[in-house]
Colleague: 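What follows is a single structure, and I will ask about it in a moment.
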Amino acid sequence: MPKKILVISTSPRKGGNSETLADAFLRGAQDAGNEVEKIVLYDKTIGFCRGCLVCQKTERCVIPDDADAIAQRIRGADVLAFATPIYYYEMCGQMKTLLDRCNPLYPSDYAFRDVYLLATAADTDEHAMDGAVKGLEGWIACFEKTRLAGVVRGLGVEGVGAIQEHPETLHEAYVLGQNA
């Protein structure tokens with residue numbers, strides 16, 4: 001049975017390396033016969049969580065921007081894949097802000113079970129992404145039916161398009177998408 005897979009590219013840069021990695025995952029998931037949707041954050045308006053906690057009663061955010069609609073898409077997906085560039089050894093701010101704004105999902109009957117992280121960094125040290133992995137694992141820990149199902153580490157990619165010089169990493173993302 002096909003899964004509903006949501007790929008979220010959190011990079012502020014259109015066509016950046018992490019978005020290219022997201023597209024490889026997306027193609028793999030589509031080729032496996034899944035229903036796949038991609039959301040990019042570079043053209044969205046997402047403000048910071050205000051901590052009002054109204055969402056814990058209503059399961060909706062009161063801030064009038066794009067985050068609530070994205071959270072509702074996340075709620076209905078079976079599989080999530082977050083793509084992020086690594087900034088200062090952590091996920092980008094856009095991704096963290098979106099995760100914070102997914103607070104309405106906590107009390108809800110969410111569908112997602114498997115979560116993937118697709119990350120790119122200029123650094124070549126595999127541990128450069130440990131902060132982002134730990135940060136996403138912290139978010140996942142709040143959803144007891146969910147697990148981190150896989151991580152793709154695109155290392156040594158600095159300028160736009162540099163991920164193309166790493167076909168093995170793109171293939172890894174594609175295969176992960178096929179098996180999602």
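Quick caveat, the model's predicted, so the values are computed rather than measured.
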Colleague: Less than 6.0 Å separating the ring centroids of Y116 and F82?
Modeller: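 No, ring centres 6.0 Å or more apart.
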
Colleague: Within this structure, what is the OG-CG distance for the pair S9 and D43, rounded to the nearest 0.5 Å?
Modeller: 10.0 Å

Colleague: What's the shortest heavy-atom distance between L105 and Y110, and which atoms?
Modeller: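 Nearest heavy atoms, L105 then Y110: O-CD2, 3.9 Å.
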
Colleague: Side chain to side chain donor-acceptor pair (under 3.5 Å) between T146 and R113: does it pass, once the steps are laid out?
Modeller: CA-CA 4 Å; T146 305; R113 298 297 182 262; 5.3 Å; no

Colleague: Could you report the tightest heavy-atom contact between L21 and I163, atom names first, then the distance?
Modeller: CD1-CD1, 4.3 Å

Colleague: So, for I5 and A180, which heavy atoms are closest and what is the spacing to 0.1 Å?
Modeller: CD1-CB, 4.0 Å

Colleague: Looking at every non-hydrogen atom in both residues, tell me the closest pair between D130 and H127 and how far apart they are.
Modeller: OD2-ND1, 2.8 Å

Colleague: For the residue pair F112 and V79, establish whether any side-chain heavy-atom pair is separated by less than 4.5 Å.
Modeller: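 With C-beta onward as the side chain, the pair stays apart.
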
Colleague: Can you tell if the side chain of Q164 reaches within under 4.5 Å of the side chain of L170, non-hydrogen atoms only?
Modeller: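 Contact flag for Q164/L170 side chains = yes.
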
Colleague: Could you state the interatomic distance from CG (L118) to CG (N17), rounded to the nearest 0.5 Å?
Modeller: 12.5 Å

Colleague: To the closest 0.5 Å, what do you measure between CD (Q30) and CZ (F25)?
Modeller: 11.0 Å

Colleague: Show the nearest heavy-atom pair for residues N34 and K3, with the distance to one decimal.
Modeller: OD1-N, 2.8 Å

Colleague: Is the closest side-chain heavy-atom distance between R153 and V133 below 4.5 Å?
Modeller: yes

Colleague: Let me confirm one number: the SG-CD1 distance from C102 to I70, rounded to the nearest 0.5 Å.
Modeller: 8.0 Å

Colleague: Rounded to the nearest 0.5 Å, how far apart are CD1 of I8 and NZ of K44?
Modeller: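 Taking CD1 in I8 and NZ in K44, the distance rounds to 10.5 Å.
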
Colleague: Please report the C-alpha distance between E19 and R13 in whole Å, then the side-chain angles of each, then the deciding distance to 0.1 Å, and finally whether the salt bridge (Lys or Arg N to Asp or Glu O under 4.0 Å) criterion is met.
Modeller: CA-CA 8 Å; E19 184 174 7; R13 186 167 61 183; over 6 Å; no

Colleague: Are any non-hydrogen side-chain atoms of H166 and L155 less than 4.5 angstrom apart?
Modeller: no

Colleague: Within the supplied structure, the quantity of interest is the number of heavy atoms (other residues, nucleotides, ligands) at a distance under 6.0 Å from Y89 OH; does it exceed 12?
Modeller: no

Colleague: For I46, which of I63, D68, L98 qualifies under side chain to side chain contact (heavy atoms under 4.5 Å, CB included)?
Modeller: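 Answer to the side chain to side chain contact (heavy atoms under 4.5 Å, CB included) test with I46 among I63, D68, L98: L98.
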
Colleague: Could you walk me through whether K145 and D114 pass the salt bridge (Lys or Arg N to Asp or Glu O under 4.0 Å) check?
Modeller: CA-CA 9 Å; K145 299 179 275 186; D114 289 343; over 6 Å; no

Colleague: Using the six-membered ring wherever Trp is involved, compare the ring planes of F143 and W139 and label them parallel, tilted or perpendicular (cut-offs 30° and 60°).
Modeller: tilted

Colleague: Do S11 and Q94 make a side-chain contact, defined as non-hydrogen atoms from C-beta onward lying under 4.5 Å apart?
Modeller: no

Colleague: Does either side chain, that of R75 or that of Q72, offer a donor lying less than 3.5 Å from an acceptor on the other one?
Modeller: yes

Colleague: Quick one: does L136's side chain get under 4.5 Å of L99's, heavy atoms only?
Modeller: yes

Colleague: How long is the straight-line distance from NZ of K134 back to CE of M91, given to the nearest 0.5 Å?
Modeller: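 With rounding to 0.5 Å, CE (M91) is 11.5 Å from NZ (K134).
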
Colleague: Salt bridge or not between K96 and D100? Use side-chain N to carboxylate O under 4.0 Å.
Modeller: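 Salt bridge between K96 and D100, a charged N being under 4.0 Å from a carboxylate O: yes.
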
Colleague: Testing the basics here: between A71 and R101, what is the closest heavy-atom pair and its distance to 0.1 Å?
Modeller: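 Smallest heavy-atom distance, with atoms named: CB-O, 4.5 Å.
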
Colleague: Do K4 and E37 meet the salt-bridge criterion of a basic N to acidic O distance under 4.0 Å?
Modeller: no

Colleague: Take a 6.0 Å sphere around CD of E144 and say whether it holds more than 12 heavy atoms from other residues, nucleotides or ligands.
Modeller: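 It does not: E144 CD has 12 such atoms or fewer within range.
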
Colleague: Is the number of heavy atoms from other residues, nucleotides or ligands under 6.0 Å of E158 CD greater than 12?
Modeller: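 Count not over threshold, so no.
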
Colleague: Does L26 belong to the same Ile/Leu/Val/Met/Phe/Trp/Tyr cluster as L80, with side-chain heavy atoms less than 4.5 Å apart forming each link?
Modeller: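 No, it is not one cluster - the side chains of L26 and L80 are not joined through contacts under 4.5 Å.
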
Colleague: Taking the side chain as every heavy atom from C-beta outward, state whether V36 and V7 have any atom pair closer than 4.5 Å.
Modeller: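 The answer is yes; the side chains approach within 4.5 Å.
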
